[in-house]
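What follows is a single structure, written as structure tokens, with notes after it.
Side-chain atoms are counted along with the backbone in the values below, which use heavy atoms only and exclude waters and symmetry mates.
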Amino acid sequence: KLQFLYFIVKKMADRGKEFDIDEGMELKFESSGARESRVVAKVIEGSCEFFGSVLEKGRVVKFPAGTKGAISAPNGPCKVQLLNQEKTSMEFWSGKMYQEFLEKMNTMRNDAKKNSTAGPRILICGPTDTGKSTLCKLIINSAVKAGHAVSFTDCDLGQNSITAPGSIASVFVEGEQIDVEDGVTLLPPLSFFFGDLTVTSSTLGKYHHYCCQTGSCLKANNDNRKQFQAGGGVVNTMGWVRDNGYQALKLIIESMDINVIVVMNDPKLQEMLQGECSSKIDYYDFQRQNTVATRGQSYRKAQRGERIVDYFRGCHTVLHPVHAVVPFSDIQLFTIGLDSSHASQSQTSIPDYLKLTLCAPDVSQTLCVCAVSHANTREEIPHANVAGYVVILSVDVENSCFTLLMPSGSHPPKRNLILSKIYVSYEEIM
């Protein structure tokens with residue numbers, strides 16, 4: 001790591017471009033999606049922030065591939081040096097518009113801590129590219145700076161920032177702000193595997209079930225760790241806010257006992273929610289800033305692939321996944337829900353949307369992303385959280401074995417794997 005930092009600093013001295021950021025301004029930048037072309041920043045003078053995470057003088061940061069972000073100077077001027085940036089622009093600090101809201105949330109946390117009551121449970125919703133993820137980071141970092149512990153739950157199946165796509169996942173942040181390079185990916189997650197990138201009318205029940213499971217776990221955590229009860233939580237959501245997306249939003253609000261809703265750039269959505277949800281919920285609305293980056297479908301697809309790569313290989317902290325040859329007899333493959341193929345045996349004593357189907361090994365499962373269930377029995381599988389993820393690299397029917405891409409080890413920690421509708425390419429993971 002020290003050799004890497006020496007190489008980066010030397011390279012920046014030769015080719016990096018310096019930028020002076022005045023107080024109250026931010027430097028926006030974009031990078032390509034190529035892992036070898038990640039933007040690198042060094043703080044030359046002063047201190048600055050990246051979505052609320054403080055970067056002190058001398059800090060060298062290598063941002064994840066495809067990052068579209070902003071380095072801000074809310075508390076004084078600073079100078080930074082960038083390498084590999086594709087586009088840059090200087091704008092007024094976009095975080096200023098959220099300061100009053102962030103202070104109100106910390107006041108609620110202080111009151112909750114004093115009175116031994118529950119703090120704000122905040123849901124962020126709105127269309128795509130309206131700044132939801134940015135606001136989530138600002139809320140978490142603001143809470144941690146003020147000395148609070150806070151949970152973060154990401155219900156965005158397609159662009160999950162905690163773990164693999166297709167998941168509803170939570171982490172518990174205490175003591176340290178979100179790491180600029182690794183994000184929250186190194187924190188141990190509580191994860192339930194939905195197994196698809198979107199919600200349909202036939203899978204709303206399944207989505208609701210995993211939201212309820214997550215909500216129950218968050219409540220249990222708050223009951224046993226009072227600092228999280230007062231600190232509350234932040235919930236990120238999908239950018240699909242009509243039809244089934246809207247129904248999914250209401251399910252999250254109900255199952256996670258939301259008492260603060262922030263609507264980003266969608267007055268109609270706020271009107272709909274206020275008309276149908278509890279009158280005890282506080283609402284805040286923010287308009288989309290011109291500084292918020294627009295990301296097309298191709299970018300989002302590339303980022304999903306990047307998230308899977310990061311799960312196995314790490315963002316900044318380098319991980320070393322393994323290829324493991326595992327006999328068919330050592331694991332069992334299941335699908336959850338009505339829509340399944342290659343079924344050899346099924347269970348019908350649970351709701352249709354949680355129907356468990358045992359699947360025979362088949363070459364069509366090649367490159368499928370699977371979750372390793374924590375369940376000890378077959379009956380527990382539709383309800384249990386997951387230990388992690390693997391990718392089926394090959395299915396050797398002749399020799400009755402799989403080749404799996406795994407984070408570590410020679411076998412999955414549990415034998416029950418949940419198949420998904422999410423597939424990767426060899427180019428993404430090899």
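Using a 4.5 Å heavy-atom cutoff, the side chains of Ser94 and Glu26 are in contact. Proximity of Val372 to Val386: side-chain heavy atoms (C-beta onward) are nowhere separated by under 4.5 Å. Side-chain contact between Met25 and Trp93 is absent, with no heavy atoms from C-beta onward closer than 4.5 Å. For the pair Thr357 and Phe334, the minimum side-chain heavy-atom distance is 4.5 Å or more. Contact check for Leu82 versus Leu27: side-chain heavy atoms found under the 4.5 Å cut-off. Looking only at side-chain heavy atoms (C-beta outward), Leu218 and Thr153 come within less than 4.5 Å of each other. Within the 4.5 Å cutoff, side-chain heavy atoms of Cys48 are placed close to those of Cys78. With contacts defined as side-chain heavy-atom distances shorter than 4.5 Å, the pair Lys57/Ile44 does not qualify.
Rounded to the nearest 0.5 Å, atoms OG1 (Thr163) and CD1 (Ile308) are 10.0 Å apart. To the nearest 0.5 Å, atom CD1 of residue Ile124 and atom CG of residue Asn236 are 7.5 Å apart. Here the OG1 atom belonging to Thr198 is positioned 10.0 Å from the CG atom belonging to Asp156, to the nearest 0.5 angstrom. Separating the CD atom in Gln85 from the OG1 atom in Thr67 is a distance of 13.0 Å, to the nearest 0.5 Å. Of the inter-residue distances, the one linking Ile122 atom CD1 with Ile258 atom CD1 reads 8.5 Å to the nearest 0.5 angstrom. The distance from the CG atom of Leu273 to the SG atom of Cys125 is 5.5 Å, given to the nearest 0.5 Å.
Partner of Ser373 under the side chain to side chain contact (heavy atoms under 4.5 Å, CB included) criterion, out of Asn385, Ile381, Leu417: Ile381 alone. A side chain to side chain contact (heavy atoms under 4.5 Å, CB included) with Tyr311 is found for exactly one of Pro321, Pro407, Pro165, namely Pro407. Put simply, the residue from Asp154, Leu187, Val150 that forms a side chain to side chain contact (heavy atoms under 4.5 Å, CB included) with Val171 is Leu187. Partner of Leu405 under the side chain to side chain contact (heavy atoms under 4.5 Å, CB included) criterion, out of Val322, Val390, Leu393: Leu393 alone.
Counting only N and O atoms by type, the side chains of Asn141 and Ser53 include a donor and acceptor under 3.5 Å apart. No hydrogens or angles considered: a donor-acceptor pair under 3.5 Å links the side chains of Gln227 and Glu174. Checking Ser167 against Tyr389 by side-chain atom types alone, a donor-acceptor pair falls below 3.5 Å. No side-chain N or O of Asn106 forms a donor-acceptor pair with one of Lys145 less than 3.5 Å apart. Side chains of Asn110 and His148: a donor-acceptor N/O pair is present below 3.5 angstrom, by distance only.
A cation-pi contact, defined as under 6.0 Å to the ring centre and within 45° of the axis, is absent between Lys79 and Phe19.
Of all heavy-atom pairs between Phe286 and Met97, the closest is CD2-CE, 3.4 Å. Across every non-hydrogen atom of Cys211 and Ile168, the tightest pair is SG-CD1, 4.0 Å. Closest approach of Asp111 and Thr117 over heavy atoms only: O-OG1, 4.3 Å. Nearest heavy-atom pair across Ala70 and Lys28 is CB-CG, 4.0 Å. Thr130 approaches Met264 most closely through the heavy-atom pair O-CE, 3.2 Å. Counting all heavy atoms, side chain and backbone alike, Glu30 lies closest to Val39 at O-CG2, 4.0 Å.
Scanning for salt bridge (charged side-chain N to carboxylate O under 4.0 Å, His left out) contacts around Lys250 gives Glu276, with sequence neighbours left out.
Checking side-chain atoms of Glu428 against main-chain N and O of Ser425 turns up a donor-acceptor pair under 3.5 Å. Remark: side-chain polar atoms of Asn221 are not paired, donor with acceptor, to backbone N or O of Cys217 under 3.5 angstrom. A donor-acceptor distance shorter than 3.5 angstrom exists from the side chain of Asn160 to the backbone of Ile162, with no hydrogens or angles considered. Between the side chain of Ser278 and the backbone N or O of Lys280, at least one donor-acceptor pair lies under 3.5 Å. With hydrogens and angles disregarded, a donor-acceptor distance shorter than 3.5 Å links the side chain of Lys206 to the backbone of Ile336. Tyr207 places no side-chain N or O within 3.5 Å of a backbone atom of Ile252 that could act as its donor or acceptor partner. Under the 3.5 Å distance criterion, the side-chain polar atoms of Thr203 are left unmatched by any main-chain donor or acceptor of Val199. No donor-acceptor pair closer than 3.5 Å links the side chain of His208 to the backbone N or O of Ser255. With Tyr98 contributing its side chain and Ile139 its backbone, the two residues share no donor-acceptor pair below 3.5 Å. The backbone N or O of Gly232 lies less than 3.5 Å from no partner atom in the side chain of Arg121, so there is not a single donor-acceptor pair.
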(request) Under the side-chain contact (heavy atoms from CB on, under 4.5 Å) rule, what do Cys155 and Met256 come out as? Steps first, then yes or no, please. (result) CA-CA 11 Å; Cys155 297; Met256 299 189 192; 3.7 Å; yes
(request) Go through the steps to decide whether Asp129 and Lys68 satisfy the test salt bridge (Lys or Arg N to Asp or Glu O under 4.0 Å), and finish with yes or no. (result) CA-CA 11 Å; Asp129 299 330; Lys68 298 182 180 182; over 6 Å; no
(message) Determine whether Ile281 and Leu123 satisfy the following criterion, side-chain contact (heavy atoms from CB on, under 4.5 Å), listing intermediate values before the conclusion.
(response) CA-CA 10 Å; Ile281 296 174; Leu123 179 129; over 6 Å; no
(message) Working note: Asn259 + Asp257, criterion side-chain contact (heavy atoms from CB on, under 4.5 Å); need CA distance, chi angles, decisive distance, verdict.
(response) CA-CA 6 Å; Asn259 61 0; Asp257 196 21; over 6 Å; no
(request) Check the pair Tyr210, Phe194 against ring pair (Phe, Tyr, Trp, His ring centres under 6.0 Å), reporting the backbone distance first and the verdict last. (result) CA-CA 7 Å; Tyr210 289 127; Phe194 181 77; 7.1 Å; no
(request) Could you please spell out the steps behind the side-chain contact (heavy atoms from CB on, under 4.5 Å) verdict for Arg378 and Asn416? (result) CA-CA 8 Å; Arg378 175 174 174 153; Asn416 296 320; 6.0 Å; no
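Open room surrounds NZ on Lys113; 12 or fewer heavy atoms of other groups in view lie less than 6.0 Å from it.
Ion pairing of Glu49 with Lys137 is absent here, as no side-chain N (NZ or NE/NH1/NH2) approaches a carboxylate O to less than 4.0 Å. Under a 4.0 Å N-O distance rule, the pair Lys355/Asp352 does not qualify as a salt bridge.
Under the 30°/60° scheme for interplanar angles, the aromatic rings of Phe172 and Phe228 are found to stand perpendicular. Ring orientation note: the planes of Phe63 and Phe50 are tilted relative to one another, at an angle of 30° to 60°.
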